[in-house]
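Structure first, then comments.
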Amino acid sequence: MLQQTRVETVIPYFERFMSALPSIAALAAASEDQVLALWSGLGYYSRARNLKRAAEQIERQHQGRFPESFAQVVALPGVGRSTAGAILSLALGQRHPILDGNVRRVLSRCFLVAGPPQASATQRQLWQLAERCTPQQRVAAYNQAMMDLGALLCGRRPGCGQCPLTPHCQAWQQGVVGDYPQPRRPRQLPSRQTYLLLITDSEGAVLLERRPPSGVWGGLWSLPECTLQQDPQHWCREQLGLDTELLATLPQSRHTFSHYHLDYTPLRMRAHPAGQRCMDAGERLWYNVNEPLVGGIASPIARLLAGLKT
DNA sequence: AACGCGGGGAG
DNA sequence: CTCCCAGCGTT
């Protein structure tokens with residue numbers, strides 16, 4: 001959960017998740033829908049699918065006991081070098097470096113590591129520094145301290161006056177702390193437009209459909225979409241076999257992903273009871289918005305559904 | 001080496 | 001608005 005996500009954001013999700021699925025066995029046995037429902041709103045949903053796969057792998061390959069070697073831990077789905085190092089150093093005291101956003105910032109400033117942050121040369125240099133700086137003793141305390149330093153003092157507006165590393169920090173000695181690490185080059189995000197169809201039946205249930213297993217919002221439940229060039233009612237008849245009437249056009253909103261903008265216009269539509277064939281192999285369902293989540297729902301979709309609650 | 005992958009909080 | 005967060009997997 002903490003990959004690319006702030007601690008304060010994670011805490012309530014973590015509490016809820018651990019209450020519902022308190023063990024590796026429970027997670028492995030849970031449905032992907034339940035796991036995604038618990039993850040809904042956190043983003044980067046492949047983490048949730050990988051976490052469940054990791055639990056299954058531990059059950060199958062490690063007899064349900066969490067592995068304790070680096071090679072076995074880093075082989076778990078969704079666990080890379082830094083996460084494996086964090087798990088084994090913090091939980092078991094093993095000597096492994098970590099390199100998250102906090103450590104990257106501290107090391108970049110301390111040792112004047114230039115270059116684009118994502119470039120492999122920069123990465124290699126930072127990992128080498130992380131390895132060389134990691135002590136033989138008290139590794140858990142060291143790694144935790146590096147992350148806390150990056151989070152509390154060595155952030156966007158650094159508090160060098162209180163930092164214990166200033167005697168060693170080259171950026172501070174040269175007065176160039178603000179220049180490190182080098183910022184990512186800003187990218188121009190493309191935008192995509194769509195209608196989101198809020199189709200309700202005579203009982204007020206909303207039609208949801210499952211998104212493909214890969215890509216944005218993979219495996220989550222979402223609303224039917226059609227392009228602005230298509231006629232929504234015609235589209236519903238052709239694609240869903242539903243006779244509909246258009247009730248209202250809601251204001252356009254923008255949802256920004258890490259790599260594009262989604263400009264969506266929600267349409268309130270009512271399905272006429274005549275045609276009800278739109279349940280394709282469990283990939284579509286009529287959802288009562290007053291009931292608990294049936295699976296993962298992305299935040300913008302959840303907000304729209306919440307607007308339908310009675 | 002570059003890209004895909006969410007959502008939100010802080011400034 | 002912009003920036004970036006306890007990064008990883010795929011191509």
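Labels below follow one simple rule: chain letters A, B, ... track the order of the sequence lines, proteins then strands, and each chain is numbered from 1.
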What nucleotide among dG6(B), dC8(C), dA6(C) has an atom nearest to a side-chain atom of Asn102(A)?
dA6(C)
Tell me which nucleotide among dG9(B), dG6(B), dC5(C) gets nearest to the side chain of Trp217(A).
dG6(B)
Considering only dG7(C), dG6(B), dG8(B), which nucleotide approaches the side chain of Arg303(A) most closely?
dG8(B)
Using a heavy-atom cut-off of 4.0 Å across all strands, would you classify Leu189(A) as base, sugar-phosphate, or nothing?
nothing
Looking at Arg192(A) and Glu225(A), does any basic side-chain N land under 4.0 Å from a carboxylate oxygen?
yes
Please state whether the base of dG6(B) and the side chain of Thr5(A) form at least one donor-acceptor pair under 3.5 Å?
yes
So, is His259(A) close to the dG4(B) phosphate, meaning a side-chain N or O under 4.0 Å from OP1 or OP2?
no
Asp100(A) CG to dC8(C) P: how many Å, rounded?
10 Å
Would you please say whether a donor-acceptor pair under 3.5 Å links the side chains of Asp100(A) and Ser82(A)?
no
I want to verify a distance call: between dA6(C), dG7(C), dG7(B), whose nearest atom is closest to the Leu2(A) side chain?
dA6(C)
Could you check how far CG of Leu51(A) sits from P of dG7(C), rounded to whole Å?
16 Å
Of dG9(B), dC8(C), dC5(B), the nucleotide closest to the side chain of Thr83(A) is dC8(C)
Let me know the distance between CD1 of Ile11(A) and P of dC5(C), rounded to the nearest Å.
18 Å
Please determine whether a side-chain nitrogen or oxygen atom of Thr256(A) lies at a distance below 4.0 Å from atom OP1 or OP2 of dG7(B).
no
Starting at atom CD of Gln188(A), determine the distance to atom C1' of dC3(B), rounded to an integer number of angstrom.
17 Å
With nearest nucleotide decided by heavy atoms, which residue, Gly78(A) or Ala151(A), maps closer to the 5′ end of DNA chain C?
Ala151(A)
Can you list every ring pair (Phe, Tyr, Trp, His ring centres under 6.0 Å) pair that touches residues 79-124 of chain A, not counting sequence neighbours?
Phe70(A)-His96(A)
Identify whether any heavy atom of Val103(A) sits under 4.0 Å from a base atom; if not, whether one sits that close to sugar-phosphate; answer base, sugar-phosphate or nothing.
nothing
Do Thr227(A) and Gln230(A) pair up side chain to side chain, a donor and an acceptor below 3.5 Å, judged on atom types alone?
yes
Using whole Å, report how far CG of Leu42(A) lies from C1' of dA6(C).
13 Å
Taking the C1' atom of each, how far is dC3(C) from dG6(B), in whole Å?
15 Å
When we call it a touch if two heavy atoms are under 4.0 Å apart, what does Gly215(A) touch: a base, just sugar-phosphate, or nothing?
sugar-phosphate
Classify Pro77(A) by what it touches in the nucleic acid, base, sugar-phosphate, or nothing, heavy-atom distance under 4.0 Å.
sugar-phosphate
Distance in Å, Leu36(A) CG paired with Tyr45(A) OH, rounded so as to fall on 0.5 Å steps
8.5 Å
Nearest heavy atom decides the nucleotide; on that basis, is Gln3(A) or Arg124(A) closer to the 5' end of DNA chain B?
Arg124(A)
Please report, rounded to the nearest Å, how far the P atom of dA6(C) is from the CZ atom of Arg104(A).
11 Å
With a 4.0 Å cut-off on heavy atoms, is Arg81(A) in touch with a base, just the backbone sugar-phosphate, or nothing at all?
sugar-phosphate
Select base, sugar-phosphate, or nothing to describe what Ile98(A) touches, counting heavy atoms under 4.0 Å on all strands.
nothing
For Gln4(A) and dC5(C), is the shortest distance between a side-chain N/O and OP1 or OP2 below 4.0 Å?
no
Proximal nucleotide (of dC5(C), dG6(B), dC8(C)) relative to the Phe257(A) side chain
dG6(B)
Return yes when atom CZ of Arg16(A) has more than 12 non-hydrogen atoms of other residues, nucleotides or ligands closer than 6.0 Å, and no otherwise.
yes
Which residues in residues 140-148 of chain A have at least one heavy atom lying under 4.0 Å from any atom of DNA chain C?
Gln144(A), Met147(A)
Would you tabulate the side-chain donor-acceptor contacts of residues 246-262 of chain A under 3.5 Å, counting partners in other chains and residues two or more places apart, or write 'none'?
from, atom 1, to, atom 2, distance (Å)
Arg254(A), NE, Asp263(A), OD1, 2.9
Arg254(A), NH2, Asp263(A), OD2, 3.1
Thr256(A), OG1, His261(A), ND1, 2.9

Taking only the C1' atom of each, what is the distance from dC5(B) to dC5(C) in whole angstrom?
14 Å
Need one value for Arg105(A): base, sugar-phosphate or nothing, where a base atom within 4.0 Å counts as base even if backbone is also close, heavy atoms only.
sugar-phosphate
Report the distance from atom OH of Tyr260(A) to atom C1' of dG7(B), rounded to the nearest whole Å.
14 Å
Side-chain N or O of Tyr44(A) versus OP1/OP2 of dG9(C): is the shortest distance under 4.0 Å?
no
Does a side-chain N-to-carboxylate-O contact under 4.0 Å join Glu32(A) and Arg210(A)?
no
Has Trp39(A) got a side-chain N or O lying under 4.0 Å from the OP1 or OP2 atom of dG7(B)?
no
Whole angstrom is fine here: how far is it from CZ in Arg47(A) over to P in dC8(C)?
11 Å
If the cut-off is 4.0 Å, is His255(A) near the phosphate of dG7(B), judged by side-chain N/O to OP1 or OP2?
yes
Between dA6(C) and dA10(B), how many Å separate the two P atoms, rounded to a whole number?
12 Å
Consider only side-chain N and O atoms of Arg95(A) and Gln137(A), and report whether a donor and an acceptor are under 3.5 Å apart.
no
How would you label the contact of Gly41(A) with the nucleic acid (heavy atoms, under 4.0 Å): base, sugar-phosphate, or nothing?
sugar-phosphate
Regarding Ser222(A) and Glu209(A), do their side chains bring together a donor and an acceptor under 3.5 Å, going by distance alone?
no
Which nucleotide in dG8(B), dG7(B), dG6(B) has an atom nearest any side-chain atom of Arg6(A):
dG8(B)
Map Asn50(A) and Arg184(A) onto DNA chain C by nearest heavy atom, then report which one ends up closer to the 5' terminus.
Arg184(A)
Determine the contact category for Ser258(A): base if any of its heavy atoms lies under 4.0 Å from a base atom, sugar-phosphate if only primed atoms, P, OP1 or OP2 are that close, otherwise nothing.
base
